[in-house]
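So the structure is just underneath, and the comments pick up after that.
Naming convention: chains lettered A, B, ... in sequence-line order (proteins, then strands); numbering from 1 in each chain.
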Number of protein chains: 2
Amino acid sequence: MAEMREPTFLVLTVLADGPRHGYGIIRDVAELSGDRVKLLPGTLYAALDRLVAQGLVEHVRDEIAEGRLRRYYSLTGAGLEALRAETARLRQLATVAEARLRAVNPRLA
Amino acid sequence: MAEMREPTFLVLTVLADGPRHGYGIIRDVAELSGDRVKLLPGTLYAALDRLVAQGLVEHVRDEIAEGRLRRYYSLTGAGLEALRAETARLRQLATVAEARLRAVNPRLA
DNA sequence: CCAACATATATTGGTTGTCAATATATGCGC
DNA sequence: GCGCATATATTGACAACCAATATATGTTGG
């Protein structure tokens with residue numbers, strides 16, 4: 001699996017909690033990231049199409065709520081595995097960088 | 001500061017340990033990542049130019065070792081801060097995703 | 001009542017960082 | 001002398017993202 005960027009990672013993370021529709025994902029990503037990441041429509045819908053094509057996400061159903069169409073998406077098994085792998089990679093990156101940063105501090109103190 | 005990709009992040013992480021020349025960064029990044037990330041020359045030198053232009057890295061000196069030129073680069077104060085911020089962001093991402101993944105497991109077991 | 005705003009999906013054009021490939025040159029080992 | 005590690009550099013292509021715009025419905029406030 002190729003490199004995954006932050007917006008894509010957060011989409012998968014949100015979907016790990018259960019099916020969501022596009023706009024719901026935008027809201028949840030904003031909340032999950034403390035309003036740091038606000039997905040733009042172009043980013044989100046392109047990401048969903050891509051993730052479906054990659055088999056990490058599937059389009060599960062459509063709903064009409066309050067007159068508006070909602071397209072629901074869900075994580076696949078492969079998507080869950082990809083999220084696990086990606087999370088482990090991020091954790092490892094943070095861990096090695098933190099070790100280096102701890103080693104740097106004393107020299108500056 | 002805009003989004004930082006993995007190769008760029010690892011370059012900063014390596015430089016947190018002290019000045020390095022380009023090829024040394026390539027070697028250290030490979031080692032640091034357990035051979036998972038092997039920087040290509042195009043990626044590295046473009047990243048160094050960009051980081052210098054952004055003020056996160058500076059070109060400190062040149063050496064000639066065994067007949068070959070070595071261009072040494074070092075983290076700036078801004079670069080160290082950027083690395084700290086980026087590391088915190090990665091840790092936060094990993095943490096929230098891990099929480100969701102822990103919540104998902106029981107439903108599947 | 002209508003204007004602004006939230007909800008909801010979609011497309012288009014541009015930017016950016018990376019990959020892939022190629023280039024050049026030196027030192028070392030076989 | 002040939003290949004390999006060392007060392008820097010450039011070019012073209014691609015993938016994901018941002019910015020902007022578009023369309024349409026429901027809700028809320030003046």
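A side-chain donor from one of B:R50 and B:T8 sits under 3.5 Å from a side-chain acceptor of the other.
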Where do B:E63 and B:H21 land on the side chain to side chain contact (heavy atoms under 4.5 Å, CB included) test, with the steps shown first?
CA-CA 9 Å; B:E63 274 182 15; B:H21 66 285; over 6 Å; no
Which is it for A:L93 and A:R89 under the side chain to side chain contact (heavy atoms under 4.5 Å, CB included) test, yes or no, and what are the steps along the way?
CA-CA 6 Å; A:L93 285 176; A:R89 200 197 100 221; 4.0 Å; yes
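Between A:E6 and A:P41, the one whose closest nucleotide on DNA chain D sits nearer the 5' end is A:E6. Sequence order on DNA chain C of the closest nucleotides to A:G22 and A:R5 puts A:G22 first from the 5' end.
Residue-level contact check: B:L40 touches the bases, meaning some heavy atom is under 4.0 Å from a base atom. Residue B:P7 is classed as a sugar-phosphate contact, given heavy-atom separations below 4.0 Å to backbone atoms only.
Residue A:T95 holds its OG1 atom at 10.5 Å from CG of A:L90, rounded to the nearest 0.5 Å. Here the straight-line distance linking atom CD of B:E86 with atom CZ of B:R5 works out to 12.0 Å at 0.5 Å rounding.
The CZ atom of B:R20 sits 18 Å away from the C1' atom of D:dT8 (whole-angstrom rounding). As a whole-Å value, the separation of A:I64 CD1 from C:dT7 P is 18 Å. In this structure, CD of B:Q54 is placed 11 Å from C1' of C:dG17, rounded to the nearest angstrom. What separates CG of A:L10 from P of D:dC17 is a distance of 10 Å, to the nearest Å. Look at NE2 on B:H59: it is 13 Å from C1' on D:dA7, rounded to the nearest Å. When the P atom of D:dT8 is taken as reference, atom CD1 of B:I25 falls 8 Å away, rounded to whole Å. In this structure, A:Y23 atom OH and C:dT7 atom P are separated by 4 Å, rounded to whole Å. In this structure, CZ of B:R71 is placed 14 Å from P of D:dA7, rounded to the nearest angstrom.
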In a table with atom names and distances, give each donor-acceptor pair under 3.5 Å that connects a side chain of residues 25-33 of chain B to protein atoms at least two apart or in another chain.
from, atom 1, to, atom 2, distance (Å)
B:D28, OD2, B:R20, NE, 2.6
B:D28, OD2, B:R20, NH2, 3.3
B:S33, OG, B:V29, O, 2.9
B:S33, OG, B:A30, O, 3.3
B:S33, OG, B:R36, N, 3.4
B:S33, OG, B:V37, N, 2.9

Report each atom pair, protein N/O against N/O of nucleotides 27-30 of chain C, whose distance is under 3.5 angstrom.
from, atom 1, to, atom 2, distance (Å)
C:dG27, O4', B:R68, NH2, 3.0

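Side-chain nitrogen and oxygen atoms of A:T43 include none within less than 4.0 Å of the OP1 or OP2 phosphate oxygen of D:dA16. Phosphate proximity of D:dA9 to B:Y45: absent, as no side-chain N or O sits under 4.0 Å from OP1 or OP2. Distances shorter than 4.0 Å separate some side-chain N or O of A:T8 from OP1 or OP2 on D:dC17.
Two different hydrophobic clusters hold A:L44 and A:Y72 under the rule that ILVMFWY side chains link at heavy-atom gaps under 4.5 Å.
The side chain of A:E3 lies closest to C:dT18, out of D:dA7, C:dT18, D:dC17.
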